[in-house]
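Read the structure below first, then the notes.
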Amino acid sequence: INWRRYWAGRWDQRGFGYHLLRTCQHFWNYGVRRRMKIIDCLLCPSHFCFDAMSAIGIRCEYLPNPAPALETMIEHERTVVPTVLFAGRLESEKGVEQVVSLWPEDTQVCLEIIGEGSRRDAIEQIIVRRGLKETVRLCGHLTQSEVMDRMSQVHGVLLPSRCYESAPNVLVEALSR
């Protein structure tokens with residue numbers, strides 16, 4: 001753990017006070033009350049999570065996230081312009097702002113961003129300030145079936161997380177297409 005970053009409260013937008021309370025809660029539950037010992041078995045959605053929990057002595061089992069149900073496979077035409085898709089919450093820990101900030105201005109590749117969140121306005125401002133309206137598109141909230149259809153049409157799915165993601169659902173959904 002990067003303790004300096006932890007104590008600075010920069011894991012996400014919640015700040016130092018939140019992290020101090022969470023640290024006290026963690027110490028009380030797992031240090032003083034030894035609640036870790038009452039866990040019979042922890043179900044881990046990824047090998048990363050399984051290895052991390054096994055290393056600290058928690059009995060766990062690997063249970064992967066299920067892929068979405070495969071409907072009848074329809075061949076979708078790919079978009080003519082190379083397109084990359086992000087689908088998820090627009091929050092600071094997801095890293096979408098950094099991607100838009102670094103997106104090349106002279107590229108032929110388009111970026112579609114599906115989702116809503118507290119950072120939407122900031123992302124819109126970056127798009128306008130950098131003149132990326134032609135290559136970066138905010139789609140807002142879409143239904144699950146609309147997202148899956150869109151994943152079938154794009155050339156790639158982007159997962160720019162700023163924190164550990166043990167088994168992101170969007171990855172499983174993208175691989176099912």
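Contact record, Gly115 with Leu90: O-CD1, 3.4 Å, taken as the closest heavy-atom pair. Closest approach of Met53 and Cys60 over heavy atoms only: CB-SG, 4.1 Å. Between Tyr62 and Phe50 the shortest heavy-atom distance is N-CD1, 3.9 Å. The two atoms that bring Arg162 and Gln98 nearest to each other are CD-OE1, 3.7 Å, heavy atoms only.
Clustering ILVMFWY residues whenever any of their side-chain heavy atoms sit less than 4.5 angstrom apart, transitively, puts Phe86 in a cluster other than the one holding Met148. Residues Leu85 and Val136 do not share a hydrophobic cluster, defined by chaining ILVMFWY side chains whose heavy atoms lie under 4.5 Å apart. Hydrophobic clustering (ILVMFWY, side-chain heavy atoms < 4.5 Å, transitive): Leu158 and Leu138 are in one cluster. Both Val157 and Leu159 are assigned to one and the same hydrophobic cluster, defined by single-linkage of ILVMFWY side chains at heavy-atom distances under 4.5 Å. In the hydrophobic clustering of this structure, Val109 groups with Ile123; members are Ile, Leu, Val, Met, Phe, Trp, Tyr whose side-chain heavy atoms approach within less than 4.5 Å, directly or through other members.
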Worksheet item: Run the side chain to side chain contact (heavy atoms under 4.5 Å, CB included) check on Val170 and Met151 step by step: do they pass?
Response: CA-CA 10 Å; Val170 71; Met151 277 187 191; 3.3 Å; yes
Worksheet entry | CA sep, side-chain torsions, deciding dist, call: Gln125, Val128, side chain to side chain contact (heavy atoms under 4.5 Å, CB included) | CA-CA 5 Å; Gln125 289 173 1; Val128 170; 5.9 Å; no
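Side-chain contact between Leu132 and Trp103 is present, with heavy atoms from C-beta onward closer than 4.5 Å. Arg150 has its side chain within reach of Ile114: a pair of non-hydrogen atoms, C-beta onward, lies under 4.5 Å apart. Considering only heavy atoms from C-beta on, His155 stays 4.5 Å or farther from Val84 through its side chain. Between Val99 and Ile113, every side-chain heavy-atom pair lies at or beyond the 4.5 Å cut-off.
In this structure, Lys94 NZ and Arg89 CZ are separated by 5.0 Å, a value rounded to the nearest 0.5 Å. Residue Glu124 holds its CD atom at 7.0 Å from NZ of Lys133, rounded to the nearest 0.5 Å.
Between Glu97 and the choices Arg119, Arg120, Arg130, the salt bridge (Lys or Arg N to Asp or Glu O under 4.0 Å) rule is met once, by Arg119.
Glu93 and Ser161 share no donor-acceptor pair across their side chains, judged by distance under 3.5 Å alone.
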